[in-house]
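Per chain, numbering begins at 1; letters A, B, ... match sequence-line order.
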Amino acid sequence: MADIEPAPPARFDTLPLDAKLLRAVADSGYLTMTPIQAKAIPIVLQGRDVMGAAQTGTGKTAAFSIPLLQRMLKHENPSVSPARHPVRALVLAPTRELADQVADNVKKYAKHTQLRSVVVFGGVDMKPQTAALKAGVEVLIATPGRLLDHIEAKNCVLNQVEYVVLDEADRMLDIGFLPDLQRILSFLPKARQTLLFSATFSPEIKRLAQSYLQDPILVETARPNQTASTVEQRFYGVDDDDKRAVIRQILKDRAIRQAIVFGNSKLGVARLARSFERDGLRTAALHGDKSQDERLKSLDAFKRGEVDLLVATDVAARGLDIADLPAVFNFDVPFNAEDYVHRIGRTGRAGASGLAVTLVTKSDARLVADIEKLIKRKIELDSFELDNDRPRFERRRREESPEREDRPQRATSPALRAPVASADPFFDKPYEASSRDEPPAWEKAKAAAPAAKGLSSYIKPKKQVAALFGGGKKPAPAES
DNA sequence: AAAAAAC
């Protein structure tokens with residue numbers, strides 16, 4: 001196990017890449033590599049297994065797809081008849097939209113080569129996918145469920161796969177995906193090059209990943225789990241009833257052109273989207289209860305700027321590349337701290353600036369403490385002063401009335417701009433240390449973790465919640 | 001406390 005030294009900024013054309021790939025990179029407008037690309041591409045070209053950790057929005061997709069295409073061009077597998085066109089590279093992603101996006105990137109970099117790629121995911125007709133697979137593709141990009149369908153239908157054979165990539169690898173290795181993932185991997189040759197990429201890797205997942213890699217090299221360009229420094233992060237202590245008004249006011253005060261609003265549940269997201277729509281904001285919803293057609297339409301309309309707000313579950317938290325997105329709102333604090341890092345990573349991409357606002361209610365204290373530990377940064381909880389802070393029943397009435405132009409407009413509250421101490425001592429309670437505080441211990445990880453011992457071996461231990469809530473001050477809800 | 005991923 002070796003780590004590598006930081007490389008100086010370098011141009012793509014200094015790499016030993018086929019002219020066809022260099023031309024595609026140039027066509028894309030890229031000249032110099034990002035740090036993760038500069039570090040990872042040479043290692044992937046050597047044929048080594050890689051675990052790559054880099055901040056959101058720093059070009060991980062290119063960091064694996066360009067060198068993989070290069071290897072496929074240069075290292076023909078002699079045991080395979082070229083006429084059979086077996087799948088040689090497999091890329092797995094945790095959501096359909098992300099798989100689609102990765103496939104777009106692969107196609108872009110492969111466009112001057114003979115290498116063909118196809119993406120398969122659920123929610124859409126299998127027939128076109130089947131036809132493409134049967135015609136033969138070298139690169140297959142997929143979500144797990146639909147891929148297993150195609151395997152069982154014998155639409156594709158994976159016993160010649162030479163390269164495997166797990167995009168958002170920590171998600172692919174988590175409990176919800178692991179059974180499907182293991183089944184897929186069981187169809188692949190043991191001798192292959194495996195690449196794992198994500199912005200977040202917990203120590204547990206790093207250990208688990210060892211059993212899927214051979215003599216890997218860790219490539220990281222920053223401490224993993226780190227948020228982009230170009231994102232301004234704000235946390236506001238609010239009441240549930242005020243959340244929508246707070247978001248609307250921030251949008252107005254800061255003249256925010258477009259934003260994603262994340263919620264924790266599909267139903268909540270659907271309702272919230274309707275509410276913003278009633279407020280006159282052009283809104284689209286994105287969650288797993290919508291048809292795939294609707295999902296793609298929502299995302300597309302948002303990317304084209306035809307809607308102002310995309311209200312989404314964590315289906316949109318990871319990987320999606322939306323150019324110049326100015327802001328992300330967490331209407332709900334995410335259940336997993338890792339998802340906080342991914343959600344706010346939709347803004348501030350490629351060095352741009354961005355705003356990430358998280359709305360915090362009293363019941364979220366533990367979740368916020370988790371985030372604070374993960375990103376290793378003190379979180380200041382600000383109070384928020386609504387412009388029209390009249391009694392609630394009247395505010396409700398005014399919000400429901402169609403003519404809203406006559407609403408009194410006050411200058412931006414200074415509380416919007418400057419962090420202030422929490423108004424509520426509840427939020428100043430210390431939090432419990434958690435397993436996230438363990439040092440990465442990458443060097444020791446391999447020796448310490450022989451093989452995966454079953455799922456329970458990496459499930460995070462439950463933390464002591466009571467201390468966070470003032471020693472049981474808060475009455476426990478009956479259903480929990 | 002949820003979401004995601006197959007039909």
Side-chain angles (χ1 to χ4, degrees), chain A residues 90-102 119-127 129-130 133 141-156 166-185 187 198 200 240 260-272 285-292 295-296 299 310-320 330-343 360-371 459-460 462-463 465 468-469 474-480:
Chain A
L90 175 64
V91 183
L92 295 172
T95 69
R96 298 163 181 177
E97 286 78 8
L98 184 55
D100 205 23
Q101 176 183 298
V102 170
V119 61
V120 302
F121 51 76
V124 296
D125 193 356
M126 271 187 87
K127 287 197 275 299
Q129 299 175 358
T130 302
L133 289 170
I141 301 103
T143 51
R146 180 55 67 91
L147 177 59
L148 283 169
D149 260 6
H150 282 296
I151 293 172
E152 274 154 31
K154 305 223 185 302
N155 295 335
C156 60
L166 302 188
D167 199 9
E168 304 297 340
D170 61 325
R171 167 63 81 240
M172 301 305 294
L173 290 167
D174 97 3
I175 187 98
F177 277 106
L178 199 58
D180 278 358
L181 179 68
Q182 284 176 323
R183 186 155 161 71
I184 291 167
L185 295 179
F187 292 102
S198 186
T200 52
D240 267 317
I260 300 182
V261 180
F262 282 104
N264 282 354
S265 76
K266 292 179 282 194
L267 186 60
V269 159
R271 287 178 177 154
L272 186 58
L286 179 53
H287 58 77
D289 275 349
K290 291 181 96 71
S291 72
Q292 193 54 33
R295 283 168 60 164
L296 290 171
L299 185 58
L310 183 67
V311 187
T313 60
D314 279 324
V315 70
R318 285 172 173 258
L320 296 187
N330 291 313
F331 186 88
D332 299 318
V333 183
F335 291 126
N336 298 319
E338 282 84 2
D339 288 331
Y340 172 80
V341 173
H342 289 278
R343 284 179 179 187
V360 181
T361 64
K362 290 196 177 186
S363 55
D364 298 325
R366 197 198 121 187
L367 300 176
V368 173
D370 281 350
I371 293 168
I459 292 173
K460 282 176 281 198
K462 280 273 182 239
K463 290 197 294 180
V465 185
L468 279 169
F469 290 87
K474 189 184 162 106
E479 65 274 14
S480 76

Could you walk me through whether A:Asp174 and A:Arg171 pass salt bridge (Lys or Arg N to Asp or Glu O under 4.0 Å), step by step?
CA-CA 5 Å; A:Asp174 97 3; A:Arg171 167 63 81 240; 2.7 Å; yes
Can you sort out the partners of A:Gln101 under side chain to side chain donor-acceptor pair (under 3.5 Å), two or more places apart, ordered by chain and number?
none
For the pair made of CG in A:Leu147 and C1' in B:dA4, what is the distance, rounded to whole Å?
16 Å
B:dA5, OP1 or OP2 - any side-chain N/O from A:Arg96 closer than 4.0 Å?
yes
Ranking B:dA6, B:dA5, B:dA1 by distance to the side chain of A:Phe177, first place goes to B:dA5
How many whole angstroms separate atom CG of A:Asn336 from atom P of B:dA2?
13 Å
Could you give the CG-to-P distance, from A:Asp289 to B:dA5, as a whole number of Å?
11 Å
Can you list the residues that meet the side-chain contact (heavy atoms from CB on, under 4.5 Å) rule with A:Asp332, with sequence neighbours excluded?
A:Lys243, A:Asn264
Within this structure, what is the NE2-to-P distance between A:His150 and B:dA5, rounded to whole angstrom?
15 Å
Could you tell me how far apart A:Gln292 (CD) and B:dA3 (P) are, to the nearest whole angstrom?
17 Å
Taking OP1 and OP2 of B:dA6, is either one under 4.0 Å from a side-chain nitrogen or oxygen of A:Thr143?
yes
Atom CD of A:Glu168 and atom P of B:dA5: how far apart are they, to the nearest Å?
13 Å
If the threshold is 4.0 Å, N to carboxylate O, is there a salt bridge linking A:Glu338 and A:Arg318?
no
Nearest of B:dA4, B:dA6, B:dA2 to any side-chain atom of A:Lys266?
B:dA4
A:Arg318 atom CZ is separated from B:dA5 atom C1', nearest whole Å, by 14 Å
In terms of side-chain heavy atoms of A:Arg171, which of B:dA6, B:dA3, B:dA5 is nearest?
B:dA3
Options B:dA5, B:dA1, B:dA6, nucleotide nearest the side-chain atoms of A:Val315
B:dA5
With a 4.5 Å heavy-atom cut-off, do A:Met172 and A:Ser198 have their side chains touching?
no
Looking at B:dA4, I'd like to know if its phosphate oxygens (OP1 or OP2) sit under 4.0 Å from a side-chain N or O belonging to A:Arg295.
no
OP1 or OP2 of B:dA4 sitting under 4.0 Å from any side-chain N/O of A:Thr313?
yes
Can a donor-acceptor pair under 3.5 Å be found between the side-chain atoms of A:Asp314 and the base atoms of B:dA2?
no
Atom-pair distance (CG on A:Leu98; C1' on B:dA5), nearest Å
13 Å
